[in-house]
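Let me begin by presenting the structure, written as C-alpha cells, before commenting on it.
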Amino acid sequence: MVLELQKRLGEAIRAVILKNYALELANVPLETPPDLHFGEVASPVAFELARKLRKAPRLIAQEIVTGLGAVEGFAGFEVAGAGYINARLDRAAAARNIAAVDTERVRLVPRRLMGQPHALVEHTSINPNKAAHIGHLRNAILGDTFVRLLRADGYKVDVQNYIDNTGVQVADIVVALKHLELDAIPGINVRDQHTLPAIKKRIEYHEQESRKHPDNRELLIDYVCWRLYAQVNVWYMALETTEQDQAKVAERKRIRLDTLHEIEKGNNEIAEVAELISTAVLRHHLETMLRLGIEYDFLPRESEILHLKFWEAARQKLEQSGVLYQVTQGKNAGCWVMKRPGSEASTEETDDDAKVIVRSNGTVTYVGKDIAYHLWKFGLLGRDFGYRPFFRYAGHACWISTEHGEADHPHFGGATAIYNVIDARQSDPQANVIQALRGMGHAAAADHYTHFSYEMVALTPRCAEELGYNISDEDKKRPYIEISGRKGFGVKADDLIDKLIAATRAEVDARQTGRDETERQKIAEQIAIGALRYFMLKYTRNSVIAFDFKDALSFEGETGPYIQYAVVRIRNIFRKGATTPEAALAGFAKQTGQQVSESASQRSTAAAHDGFSQYLSGEENEDIWALWLRAGRFSLVLEQSIAASEPAFLAKHAFQLAQEFNNFYHKHRILTEEDPERKIFLLATAAVVVRELVQALNLLGIESPEAM
RNA sequence: GCGCCCGUAGCUCAGCUGGAUAGAGCGACUGACUACGAAUCAGUAGGCCGGGAGUUCGAAUCUCUCCGGGCGCACCA
C-alpha cells in the first residue's frame with residue numbers, strides 16, 4: 001500500500017522536475033518523516049536541486065508542489081522547514097485499500113511477467129560430525145527466514161544444505177571410533193569394539209536407545225559424537241613433553257590424515273564408517289531443524305562432488321579461460337594457482353601471493369572443489385548429481401546427492417541467483433569463488449552470487465561459567481568467547497530448545513488450566529520456537545550475538561512471544577465479540593463502499609463525508625492512524641528486507657506493529673464501544689493488525705498460537 | 001604487514017539510499033488488573049552517537065586519521 005503510493009509520488013515529482021527544469025533524476029529521494037505532523041511521506045529533493053538550479057530550496061519545493069497538482073491517493077502537499085515537500089495521504093482511501101489487501105497478493109504479480117526468478121539458498125551446512133549448536137541455529141534460522149521472504153516475493157526457491165561428509169571433521173569421529181576407548185555397550189566386546197560390525201552395532205544401539213528414551217539427549221548419536229570430537233582432539237595432542245610423546249603425536253596426526261584420504265577415496269571400510277556416522281548425524285540435524293519448522297529440498301554432498309569428478313570438469317574450463325595457471329618458482333612452485341581478488345596476476349613463473357588451487361602433488365584444494373560446485377549451482381558445469389529421496393516432510397521430500405540416482409527426480413542447480421548463508425569468517429574463500437566465476441567470463445553469475453554473511457554467536461563469560469566450563473582470567477575480561485566444537489565448548493541446539501520449551505510449558509500450565517496436556521504442549525512449543533527464532537532474527541547480520549540464557553529465555557519486551565501475545569489478544573476480542581476479522585473487514589468495506597459511491601459525484605467533499613475519516617484524523621486518533629499506516633507498510637518492509645538481505649527489518653516491523661497495537665488496546669475499548677459505526681471501525685483496525693501480524697510472523701517462521 | 005566487521009543510554013541492540021526534537025528492549029525508580037487476560041500499558045531518570053579532521057546548506061550515517069575490541073589472510077580441510 002504505502003510502497004505503491006511512494007512509487008506513485010516519486011514518479012509524479014520526477015515528472016514535474018523534468019517538465020519544470022528539464023532535469024532527469026534517476027530516483028527521487030523519499031523518506032518517512034519523523035512525526036505524523038509532517039505528513040506520511042516526505043521528499044528532501046529540493047535540497048539536492050538547489051545547487052544545480054542555484055535557487056533557494058524552499059522556492060523549488062514550492063514550485064514542485066504547485067506543479068504536482070492533485071495526485072491520486074494523496075490529500076495534499078506542503079512545503080515545510082528549509083524546503084521539505086511533505087505529502088499527506090488521503091487517509092480514508094488509504095484505510096480502504098489497506099483493509100482490502102489480499103494477503104495472497106503478496107506473491108507479487110509483476111515477477112510473473114518477467115519470468116519467475118529462480119533462487120538457490122544454501123544454509124545450515126553443519127559438518128555431520130557432532131550435534132548442532134546455537135551458532136548453527138543462527139545460520140539456519142536466518143537462511144530459512146530469507147527463503148520465506150523470497151518466496152513471498154514471488155521467487156522460486158530451492159533450499160540446499162551442503163554436507164561436507166568427507167572432511168577432516170568427519171574423519172576425526174572415525175578416528176575416535178577406531179582408536180579411542182569407547183563407552184561399554186551391551187553386546188559389544190571391548191576387544192573388538194573398533195571393528196566395523198561393532199561400530200555398526202554401536203550406531204544402531206544409539207538409534208534404538210534414543211528412541212526408547214527421548215528425554216535423554218545424551219543417547220543421541222550426534223550428542224555422542226559431540227563428546228567424541230572433543231575427546232579425539234585431546235588425543236591428538238597427547239602429552240607433548242617427552243620425545244616419545246612427540247613421536248606419538250606425529251603418529252596420531254598421521255592416522256588422522258590417512259583416515260581422511262581413505263574417506264575421500266571411497267569404497268573401503270573406513271569410508272563406510274564415515275558414511276554411516278555422517279548419515280546418522282545428518283538425519284538428526286534435519287530432525288533438530290524440523291523442530292524449528294526448517295525444511296530443505298536438496299542435500300548435495302562432498303562425496304559426490306569428488307566421485308562424480310566435478311573438479312575435473314571445472315579444471316578444464318578454468319585452464320581454458322586462463323584463470324588457472326601454473327607457477328614454476330617461488331614458494332608455490334609446481335602449483336596451479338589463481339590470482340586473489342583485488343590483486344594483479346604477476347609473472348607466470350613466481351606468484352607467492354596467489355591462491356593455490358592445485359597443490360604441487362596434484363591434489364585439489366577446497367577452493368577448487370567449491371568453484372566446481374558453484375559452477376554447478378549456476379548450471380555452468382555441464383555435469384549433474386545423481387539423486388535419491390532421503391527425508392520425508394509433510395508436504396514434500398528432501399533429496400540427497402548420490403552417484404547413481406533414480407531416473408525420476410526433480411532438477412536442482414541452474415539457478416539465476418544464489419545466496420550462501422555462511423558466517424563472516426568465510427568471506428575470503430567466498431570472494432575467491434566469485435573471483436573465479438568473474439575471471440571465467442560468467443559476470444552475470446558473479447553478480448548474482450550473494451555471500452549472505454553474518455557474525456557468529458558467542459557465549460558471554462558468565463554464560464560459559466554457568467555451563468560449568470573453566471575459563472581463564474583473560475577470557476573473563478572479554479565481552480564474549482567463541483564457541484568451539486573441537487573443545488566441546490558451546491550450547492547445543494536441542495538443549496536450548498528443550499530449555500525454552502520447559503520454561504514456556506511452566507507458564508502455559510499456570511495460565512491455561514482449562515486445556516489438556518497435548519494442547520498445552522503445542523502452545524508451549526509454539527511460544528518457545530517463536531522466542532528462539534525472534535531472538536536469532538532481531539539482531540542485524542553483522543552484529544555478534546553474545547549469547548546469554550537470560551536474554552534468550554526472556555518472553556517479555558522485544559521478543560517473539562510479545563508479538564504472539566498481541567495476536568492472541570486480538571483473537572480473544574473477536575471470540576468474545578462473537579465475530580471474526582473477516583466479518584469485521586467485510587462490514588468495514590460495506591460502509592466505506594457506500595461512502596465511495598456517494599462521493600463519486602461530489603469528489604471535492606468526499607473526504608468530509610466519509611464516515612470513517614473522522615476516526616482517522618484529529619489529535620486523539622493519531623495513534624490509530626499510525627497503526628493503520630504501519631500495517632500498510634508491509635510490502636515496503638519486505639522489499640527493503642530482501643534488497644538488504646536483512647530479515648531483521650521484518651522482525652522489527654512486526655514488533656513495532658504489535659507494540660503500537662498494545663498501546664491502542666489499552667487506550668481504546670472495542671467491544672464496549674457504544675457508537676456502532678466507530679465499533680466497526682475499531683474492529684476493522686484489530687482485523688487489519690492481526691492479519692498483518694500473522695503474515696509477518698509466518699514469514700519469520702513463527703506460529704500464532706490460539707491462546708497463551 | 002594486508003583485508004573485513006564492530007564501537008550509539010548502566011547492559012543488549014535499532015537508526016533505511018546523508019536530512020526536521022537520536023529510538024527500542026532489559027535493568028532502576030513511580031503508577032495501572034471487578035476491564036477485550038498484566039507474557040501488557042503509562043510515566044521518570046539515563047546519550048560531547050570512541051577521539052580528531054574533512055566533504056556538505058546539513059553527518060550517528062560519507063572520506064581520512066588515530067584509539068579500543070573482534071575475525072580473516074596456509075600446498076590444513
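The sequence lines fix the lettering, A, B, ..., with proteins before strands; numbering per chain opens at 1.
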Legend entry - Closest listed nucleotide, where the reference is the side chain of Tyr665(A) and the choices are U40(B), C36(B), A39(B): C36(B)
Inset, instruction - Kindly say if Arg511(A) contacts the phosphate of A38(B), meaning a side-chain N or O under 4.0 Å from OP1 or OP2. - result: no
Inset, instruction - Rounded to the nearest angstrom, tell me the gap between atom OH in Tyr534(A) and atom P in A39(B). - result: 19 Å
Inset, instruction - Go through the structure and list residues passing side-chain hydrogen bond (donor to acceptor under 3.5 Å, both in side chains) with Thr559(A), not counting sequence neighbours. - result: none
Inset, instruction - Treat primed atoms plus P, OP1 and OP2 as sugar-phosphate and everything else as base, then score nucleotides 20-28 of chain B 5' to 3': B for base contact with protein heavy atoms under 4.0 Å, S for sugar-phosphate contact only, - for none. - result: BB--SSS--
Legend entry - Rounded distance in Å between the C1' positions of A45(B) and C6(B): 29 Å
Legend entry - Secondary structure of RNA chain B in dot-bracket form (Watson-Crick or G-U wobble, distances below 3.5 Å, | marking inter-strand pairs): (((((((..((((.....[...)))).(((((.......))))).....(((((..]....))))))))))))....
Inset, instruction - Write down the distance between CZ (Arg669(A)) and P (G37(B)), rounded to a whole number of angstrom. - result: 13 Å
Inset, instruction - Give one of base, sugar-phosphate or nothing for Tyr539(A), where a contact means two heavy atoms less than 4.0 Å apart. - result: sugar-phosphate
Legend entry - Qualifying residues under side-chain hydrogen bond (donor to acceptor under 3.5 Å, both in side chains), relative to Glu660(A), sequence neighbours excluded: Arg630(A)
Legend entry - Enclosure of Lys487(A) NZ (heavy-atom neighbours >12, cutoff 6.0 Å): no
Inset, instruction - Could you measure between the two P atoms, the one in A60(B) and the one in G52(B), and give it in whole Å? - result: 13 Å
Legend entry - Tyr562(A) side-chain N/O to C41(B) phosphate OP1/OP2 under 4.0 Å: yes
Inset, instruction - Could you state the atom-to-atom distance from CE of Met536(A) to C1' of U12(B) in whole Å? - result: 14 Å
Legend entry - Length of the CZ-P vector between Arg541(A) and C16(B), whole Å: 15 Å
Inset, instruction - Sticking with atom P, work out how far U61(B) lies from C5(B), rounded to a whole angstrom. - result: 16 Å
Inset, instruction - Flag the pair Asp473(A) and Lys477(A) as a salt bridge only when some basic side-chain nitrogen lies within less than 4.0 angstrom of an acidic carboxylate oxygen. - result: no
Donor-acceptor contacts, no H, no angles, side chain residues 27-36 of chain A, under 3.5 Å, sequence neighbours left out:
| unit_1 | atom_1 | unit_2 | atom_2 | d |
| --- | --- | --- | --- | --- |
| Thr32(A) | OG1 | Arg633(A) | NH2 | 2.9 |
| Asp35(A) | OD1 | His37(A) | N | 2.8 |
| Asp35(A) | OD1 | His37(A) | ND1 | 2.5 |

Legend entry - By side-chain contact (heavy atoms from CB on, under 4.5 Å) - contacts of Lys538(A) (at least two apart): Tyr534(A), Glu558(A)
Inset, instruction - Send over the distance from Leu459(A) CG to G70(B) P, rounded to a whole Å. - result: 16 Å
Quick one: which protein N/O atoms are closer than 3.5 Å to N/O atoms of nucleotides 29-34 of chain B? Pair and distance per line, please.
none

Inset, instruction - With P as the reference atom in both, quote the distance from U17(B) to G27(B) in angstrom, rounded to an integer. - result: 32 Å
Inset, instruction - Using the six-membered ring wherever Trp is involved, compare the ring planes of Tyr665(A) and Phe661(A) and label them parallel, tilted or perpendicular (cut-offs 30° and 60°). - result: tilted
Legend entry - Euclidean distance for P, C4(B) against U65(B) (whole angstrom): 11 Å
Inset, instruction - Considering just the side-chain nitrogens and oxygens of Asn572(A), establish if one lies under 4.0 Å of OP1 or OP2 belonging to G37(B). - result: yes
Legend entry - Separation of C16(B) P from Leu3(A) CG (nearest whole Å): 18 Å
Legend entry - Distance test, side-chain N/O of Asn663(A) to OP1/OP2 of C41(B), below 4.0 Å: no
Legend entry - Full working for salt bridge (charged side-chain N to carboxylate O under 4.0 Å, His left out) between Glu455(A) and Arg541(A): CA-CA 6 Å; Glu455(A) 274 293 346; Arg541(A) 289 182 291 117; over 6 Å; no
Inset, instruction - Heavy atoms under 4.0 Å is the rule here; annotate nucleotides 71-77 of chain B 5' to 3' with B where the base is hit, S where only the sugar-phosphate is, and - elsewhere. - result: SSSSBSB
Legend entry - Qualifying residue for side-chain contact (heavy atoms from CB on, under 4.5 Å) with Leu650(A), from His653(A), Lys652(A), Glu646(A): His653(A)
Legend entry - Phosphate-side-chain proximity, Asn27(A) and U17(B), N/O vs OP1/OP2 below 4.0 Å: no
Inset, instruction - Describe the nucleic acid contact of Leu30(A) in one word from base, sugar-phosphate, nothing, applying a heavy-atom distance below 4.0 Å. - result: base
Legend entry - Separation between the C1' atoms of U8(B) and G47(B), rounded to whole Å: 8 Å
Legend entry - Separation of the P atoms in G51(B) and C67(B), to the nearest angstrom: 15 Å
Legend entry - Salt-bridge present (Arg462(A), Glu465(A); N to O < 4.0 Å): no
Legend entry - Pair Glu302(A) + Lys369(A), salt bridge at N-O below 4.0 Å: yes
Legend entry - Proximal nucleotide (of A39(B), C5(B), U40(B)) relative to the Phe555(A) side chain: A39(B)
Under 3.5 Å, sequence neighbours excluded: what are the donor-acceptor pairs made by side chains of residues 46-59 of chain A?
| unit_1 | atom_1 | unit_2 | atom_2 | d |
| --- | --- | --- | --- | --- |
| Lys55(A) | NZ | Glu63(A) | OE1 | 3.1 |
| Lys55(A) | NZ | Glu63(A) | OE2 | 3.2 |
| Arg58(A) | NH1 | Gly81(A) | O | 2.5 |

Legend entry - Rounded distance in Å between the C1' positions of C26(B) and C62(B): 33 Å
Inset, instruction - Could you tell me the separation between the CZ atom of Arg51(A) and the P atom of G18(B), rounded to a whole number of Å? - result: 12 Å
Legend entry - Salt bridge flag under 4.0 Å for residues Glu482(A) and Arg425(A): yes
Inset, instruction - Scan Gln512(A) against the nucleic acid and name what it touches under 4.0 Å (heavy atoms): base, sugar-phosphate only, or nothing. - result: base
Legend entry - Approximate separation, where rounding is to 0.5 Å, of Leu627(A) CG and Glu622(A) CD: 12.5 Å
Inset, instruction - Pick base, sugar-phosphate or nothing for Val637(A), based on heavy-atom distances below 4.0 Å to the nucleic acid. - result: nothing
Inset, instruction - Assign the ring pair Phe535(A) / Tyr539(A) to parallel, tilted or perpendicular, where the plane angle (0 to 90°) is split at 30° and 60°. - result: perpendicular
Inset, instruction - Please list, chain by chain and in numerical order, all residues satisfying side-chain hydrogen bond (donor to acceptor under 3.5 Å, both in side chains) with Glu507(A), sequence neighbours excluded. - result: Arg511(A)
Legend entry - Whole angstrom value for the distance that separates C1' of C6(B) from CD1 of Ile545(A): 14 Å
Legend entry - Side chain Asn129(A), main chain Gln169(A), donor-acceptor under 3.5 Å: yes
Legend entry - Close residues, residues 678-689 of chain A, relative to RNA chain B [heavy-atom separation under 4.0 Å]: none
Legend entry - salt bridge (Lys or Arg N to Asp or Glu O under 4.0 Å) partners of residues 520-533 of chain A, not counting sequence neighbours, each pair once: Asp144(A)-Arg533(A), Asp509(A)-Arg520(A)
